[in-house]
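Quick notes on the structure that follows.
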Number of protein chains: 2
Amino acid sequence: MARPRAFDEGTALEAAMQRFWADGYAATSVRDLGAAMGLSQASVYNAFGAKRALFTRCLDHYLDANMRARIARLETTLPPRQAIEAFLHEIVERSLESRLGCLLANAALEVAPHDADIADVVAERMAELEGFFRRSVVAGQRDGSVSGTVDPIATAQLLLTTVMGLRVLARGYPQRSLLEGAARQALSVLGAPPTTTTPGNAP
Amino acid sequence: MARPRAFDEGTALEAAMQRFWADGYAATSVRDLGAAMGLSQASVYNAFGAKRALFTRCLDHYLDANMRARIARLETTLPPRQAIEAFLHEIVERSLESRLGCLLANAALEVAPHDADIADVVAERMAELEGFFRRSVVAGQRDGSVSGTVDPIATAQLLLTTVMGLRVLARGYPQRSLLEGAARQALSVLGAPPTTTTPGNAP
DNA sequence: GTTGATCTGGAGCGACCGCTACAGAATCCA
DNA sequence: TGGATTCTGTAGCGGTCGCTCCAGATCAAC
């Protein structure tokens, strides 16, 4: 064919994603992105096109590597209630490790209102996360780990809202007790924690 | 003294705030702000100093005119549980009226991670909102409208998180059923609705 | 009316923005 | 080896950025 690329596209995409994640869309210049990727500006445009196109690639990469991977891992390895609990706990831990927050939440606030295409992606992926919570609540009600009286739809909506709220607090008010308290109280709507084999203690 | 200003500072501040609110910090230029305020760029600098100083003024103005005013109004005119419910319902309604979201949440995500002073303000004001929720939960437990078994601190943390989450969804996934479901489920942690004078419809 | 202080807006500073033209370097197929 | 084709970096395009200078306008105090 012709001269091959001297860089790995996935690695470069990851580096660019980190920059967008840390600094936001508007505050990250294409020169910054090129430097982070180890490429000249012209190579960035040659490989990924305009800045906006690169951002959508990064957003996709983020969602695949983080949100979707987490959902798939938890949903296949844990029973439903534990999957929900683990998801929130992981969000809390990640939020305390760094103040990056969530690229999806960042994009929702900064970019989505001014870009219909990205707004569609954002809404779609949020619906995806909402769906994970809804499936898990329903499955939890089926296996008895989640109270049968709660509304799975509203509960999934609250959990989605809680995740997004935690991501905002991660950047603006990052205190462990706050994030843990909010997560714990959100989980309380699922009803009494599963008491393994011992008989339940419902009121 | 000397020549008086040809504009009202409060009005100008309000106009600038609207621009920051809609477009974010980085994407709003001082020329944009001047046009919105009806001022030349030089007058903006003469009256408000640099862009960052103007933003902090706008953030203060927003918080006084919106968050603090709402807290004060609800806390003085409604019993505690109803104040909490009204706060969330107002957030949902405002979020559905426009996709602006919340300037505090926007600032928390976009500006706070890169500006320690603004981060302090953000954390302070979030703590203020958290305090309103905590006071209201405690007062509600005292007058019997809030379940006595819930932890006021964790509940206030969840409500703060919910408000921030709702503001993210307002910009990225603005559907009435979603926002209302999340708010309703968040309020469910307060326990059974109060049996006030109006006939309740508790399940 | 004069003075003195403040406000106003046009012009413009250097720097950076997103983006691209272009020439050379590197690889493939023949 | 010799195109053909793709990648890469330099240089630079027009435009906008945050910010400032400065001359003139406009007021209060005298």
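What you see below is based on every heavy atom in this structure, not just the backbone, and it leaves out hydrogens, waters and symmetry mates. Order of the sequence lines fixes the chain letters, A, B, ..., with proteins taken first and strands second; residue numbering starts at 1 for each chain.
The list of ring-ring contact (aromatic ring centres under 6.0 Å, His included) pairs with a residue in residues 81-102 of chain B, not counting sequence neighbours, reads B:F87-B:F132, B:F87-B:F133. Within the structure, the salt bridge (charged side-chain N to carboxylate O under 4.0 Å, His left out) test picks out the following pairs touching residues 42-54 of chain B (sequence neighbours left out): B:R52-B:D115, B:R52-B:D117.
The residues B:E90 and B:R73 are annotated as salt-bridged, a charged nitrogen and a carboxylate oxygen being separated by less than 4.0 angstrom.
Going from atom CG of B:N46 over to atom P of D:dC21 covers 12 Å, rounded to whole Å. At whole-Å resolution of the value, CE in A:M37 and P in D:dT8 are 11 Å apart. Distance CG (A:L54) to P (C:dC19): 10 Å, rounded to an integer number of Å. A straight line from CD of A:E9 to P of D:dC7 spans 10 Å, rounded to a whole angstrom. One interatomic measurement links the two molecules: CZ of B:F55 to P of D:dG18, which rounds to 14 Å at whole-angstrom precision. When rounded to the nearest whole Å, the span between CG of B:D8 and P of C:dT8 equals 12 Å. Rounded to whole angstrom, the span from the CZ atom of A:R52 across to the C1' atom of C:dC19 amounts to 16 Å. One atom, CZ of A:F7, and another, C1' of D:dC7, lie 9 Å apart when rounded to the nearest Å.
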Would you be so kind as to tabulate the donor-acceptor pairs closer than 3.5 Å made by side chains of residues 178-185 of chain B, with sequence neighbours excluded?
from   : atom 1 : to     : atom 2 : distance (Å)
B:E180 : OE2    : B:R176 : NH1    : 2.7
B:Q185 : NE2    : A:T155 : OG1    : 2.9

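For CG of A:L187, the number of neighbouring non-hydrogen atoms (other residues, nucleotides, ligands) closer than 6.0 Å is greater than 12.
Within the 4.0 Å cut-off from OP1 or OP2 of D:dT20, not a single side-chain nitrogen or oxygen of B:Y45 is found. At C:dC17, one or more side-chain N or O atoms of A:S29 fall inside 4.0 Å of OP1 or OP2 (strictly under the cut-off).
The ring-ring contact (aromatic ring centres under 6.0 Å, His included) test applied to B:F55 returns B:F20, B:Y25, not counting sequence neighbours. Applying the side-chain contact (heavy atoms from CB on, under 4.5 Å) rule to B:A170 yields the partners B:S95; only residues at least two apart in sequence or on another chain are considered.
Along DNA chain D, the nucleotide closest to B:A27 and the one closest to A:G38 are compared, and the more 5′ of them pairs with A:G38.
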Dump every N/O contact between nucleotides 10-15 of chain C and the protein below 3.5 Å, one line per pair.
from   : atom 1 : to    : atom 2 : distance (Å)
C:dG12 : O6     : B:R31 : NH2    : 3.3

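Residue B:K51 has its side chain nearest to D:dC19 when only D:dT8, D:dC19, C:dG18 are considered.
No engagement by A:A47 is indicated, since no non-hydrogen atom pair under 4.0 Å with the nucleic acid exists.
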